[in-house]
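This one's a predicted model, so the numbers in the text were calculated from it and none came from an experiment. Lettering follows sequence order; numbering is per chain, from 1.
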Amino acid sequence: MKEKYYFQEVEKKWQARWDSMDLYAVPDISNRPKYYCLEMFPYPSGKLHMGHVRNYSIGDVVARFKTMEGYNVLHPMGWDAFGLPAENAAIKHGGIHPADWTVDNIDNMREQLKQLGISYDWNREIATCHPGYYRWTQWLFLQLYHNGLAYKKYAAVNWCPDCATVLANEQVKDGGCERCKTPVEKRELAQWFFKITDYAERLLKDLDLLEGWPDKVKIMQEHWIGRSEGTEIDFKIDGMDESITVYTTRPDTIFGVTYMVLAPEHPLVEKLVAGTGREAEIKEFVRKVQNLSEIDRTSTEVEKVGLPTGAYCINPITGEKVPVLIGNYVLLEYGTGCVMGVAAHDQRDFEFARKYNFPVRVVIQPPGLELDPATMEAAYEEEGILVNSGQFNGLANTEAIKAITSYLEQKGWGRFRVNFRLRDWLISRQRYWGAPIPIVYCEKCGTVPVPESDLPVLLPREVEFKPAGQSPLAECPDFVNTVCPICGGPAKRETDTMDTFMCSSWYYYRYASPREKSGPWDKAKVDNWLPVDQYIGGVEHAILHLLYSRFFTKVLHDLKLVSVQEPFSNLLTQGMVLKDGAKMSKSKGNVISPEDIVARYGADTARLFILFAAPPERDLEWNDQGVEGCFRFLNRVWRLVALLAEELKSLPANAPRAKLVGANREMRRVTHHTIKKVTEDIGARFNFNTAVSAIMELVNALYQYKELPGTDRDQDVMREAIDVLLILLAPFAPHITEEIWEATGHKGSIHSQPWPVFDPQAIEEEEITIVVQINGKVRERLLVPARHNAGELQGLALKDLKVQQLIEGKKIIKVIPVPGKLVNIVVKSS
RNA sequence: GCGGGCGUGGCGGAAUGGCAGACGCGCUGGACUUAGGAUCCAGUGAGGGCGACCUCGUGCGGGUUCAACUCCCGCCGCCCGCACCA
């Protein structure tokens, strides 16, 4: 063994050797229990960033640990390879085709992952842009289509002018494009949607099945789905054979309705104003509202503005005529696109009514208070008793909600309804680098799905990548013009491609049988491997990818294509990697490149630091000196063993004798205590930072132990401690441990070793220090036999000379002995 | 506005209600050395005392408890998600 740790040499050597022996290949069939460890696959942007390093280092520790614990671990990697950056690179730099750009990037990033020493089974590598993959993405689209879950509709959709494509609701953040932050615009377009709303109820309910998910993510999905219970009420329009249906969660306030507000785009608006002479005014108002950006449109800061349509509707329950307005604050997409104005009991309505002088009518009285409409300064939204509400007077409002709804139902004027905030998933994209939607439009036969036997619909290679309002595929006649699969007549292909989230909604199934040609996967293999036991990735996917994947799984389950109800049993959302308190970004100039770190300190150091610096869910502050510290630690491990290498080599690995005393017994105790601690920290809590610190403590203890004269040291204890140290450290720092493992005379890879089990007897201490407190303050420490019970402890504490001095002349109220910990004596000055 | 998280030394962070600050960084001192920015050893929350020790200390204010970083109530600050959702 060399005296010095040459990390480049060591890491290169073992990466090559693992590769050539295919150490991380995993068989589908094994007598070990299965464990599926998955990290979110990356977009092949060209280079790994620190977030990737963190994500994959965490996953690798879990995978290696579970393997050593005896599981057959599936740990695959692939590429979310369709997407805009490839196309933008082609536009910007010209000359380079998105396909080539992507393949180059994949090659580069695969190399980087190998340099990090992550234990992937590369035989299972997949790329979503490969025709062998997207063929099945298209096939899955067809399954949804045939089951009525994919449909095309004309709708106002989110348009990102910079990306020149539409976006799903989930991809709009703060009114801007999730990717480039450009404010989104509304455009009326015919687009393909998936009916995720059909699954809203199940997606919500089954969150309960996900015990291994962080509450935070579940709550975010719950809010996104946004279930509410309420009542639909029909208001006849005065003098017309039409009615307005309103959705409200507060039917108990129906007697307080003094006006009605429609969304500007509500389909009834045109009819209502026809012939009133206000058409121009209304049109102008609607135009103005629609021209607002999404940000301004939905800002709560913007003043609420309304405009009367001139029409009136009839409150079915009171028969009263109320004016119908349009208002900028009413959203067409939610509920029925219309709101009943109850000024006394809704703050927004209250402000609106005060501004436009609509009456404020109190119909809910708070207990023990009398609301006066004339002097009210805010709406009363809490619970109370109904007043001014005809036959419902005197009911508690929670009761009235039920009573009024069933009354309306009886009369046929309304109905109970569950409403969701979740909208259908818009999957069309007006871009080239994605999976083509397998649909053909025939003049005679209409919309025709491409037959499964004709898949894949291949992306043509030669296209113009200029950004435009439509997909570059539309400019490619060879692609567009085709024949109708039904009638054989001329037909045109759909030119939009699919949202890349569609590709990533099923990739975790593909890994089970990555080269399957007869279907998207081999069901037996999927049934064997799924669900994913541990999924690891950034919290930014809390809604997007994770909700879509859950949706896909439920659809696939219903189609009997998979057996699981949920794809990911346990989810770990890792925090960001920060530098100087901010997210790393080119514009801030605070980017630390993994390449540089690996070149300077090696992969083992990089991995160790990133796992040691913070617990995985928390944000991690990058610190160059901290990295240095981890490098020093690995050097310390190397030197420790290098000094003892010859000695160790000649020793057989015997289990130490059980009967040890003094320093030898203590060394063995520390060794086994470390096994216990590290096993729990990795296995039960994912607290890699404290696992590493426990290993550091073991090393510190070994340095002390090494200083003893050779004759005082028990060789078996030493050997065991070193072996345990290497094995515990192996999932974190796979290269250096493998090298030392070999150098100390072991055969076979350290990564194939069984995880050690601690000996409960070894960690028992004979004597421990307990604390004596007086009134909760530590006043004395006593070395006592570890087995002492409460009574014995109490006796010793009260007999102690110092304690006696301190409590002299005081009255003992109470003594609380806690075996193994302390004795607390409660006294009072007499 | 609603929901979630966080707040502990100079810094990153540890602590099943039971000795606050493990481990690492940084800093100070010492050893080794031609040299040390390598390595090894020791110290390192604040204040006081020559010292054994004493007082204070986990964002702020209350409470529960023999005992609170930890549990409860009320604030303050920062971060994240959703946001006119009827």
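Residues Glu170(A) and Trp425(A) bring no donor and acceptor atom of their side chains to less than 3.5 Å of each other. Residues Asp424(A) and Thr197(A) have side chains that bring a donor and an acceptor to within less than 3.5 angstrom of each other. Side-chain atoms of Gln804(A) and Glu808(A) form no donor-acceptor pair, as typed in the model, at a separation below 3.5 Å.
Residue Lys810(A) contributes atom NZ, which lies 16 Å from atom C1' of C66(B) at whole-angstrom precision. With rounding to whole Å, Ile695(A) atom CD1 is found 15 Å from A22(B) atom C1'. The CE-P distance, from Met576(A) to C6(B), rounds to 16 Å in whole Å.
Using a 4.0 Å heavy-atom criterion, one finds that Gln773(A) contacts the bases of the nucleic acid, with or without backbone contacts as well. Contact annotation for Gly335(A): no contact, since no heavy-atom pair falls under 4.0 Å across all strands. Among the atoms of the strands shown, only primed sugar atoms or phosphate atoms (P, OP1, OP2) are found under 4.0 Å from some heavy atom of Asn689(A).
Among Trp638(A), Phe609(A), Phe612(A), Tyr601(A), the one residue that satisfies the ring-ring contact (aromatic ring centres under 6.0 Å, His included) test with Phe631(A) is Tyr601(A).
Nucleotides G9(B) and U44(B), compared at atom C1', are 10 Å apart to the nearest Å. On the C1' atoms, A14(B) is 11 Å away from C69(B), given to the nearest whole Å.
A cation-pi contact links Arg417(A) to Tyr247(A), judged by a cut-off of 6.0 Å to the six-membered ring centre and 45° from its axis.
In this structure, U33(B) makes no Watson-Crick or G-U wobble pair, since no nucleotide meets both defining distances under 3.5 angstrom. Across all strands shown, G12(B) forms a Watson-Crick or G-U wobble pair with C23(B), both key distances being under 3.5 Å. Nucleotide U64(B) forms no Watson-Crick or G-U wobble pair with any nucleotide shown, as no partner meets the under 3.5 Å limit on both distances.
Mapping Ile219(A) and Val771(A) onto RNA chain B by nearest heavy atom places Ile219(A) closer to the 5' end of the strand. Heavy-atom distances to RNA chain B give each of Arg779(A) and Arg685(A) a nearest nucleotide, and the one nearer the 5′ end belongs to Arg685(A).
A glycosidic torsion no more than 90° from 0 defines the syn conformation, and G9(B) adopts it.
Put simply, the side chain of Lys814(A) and the base of C66(B) share no donor and acceptor less than 3.5 Å apart.
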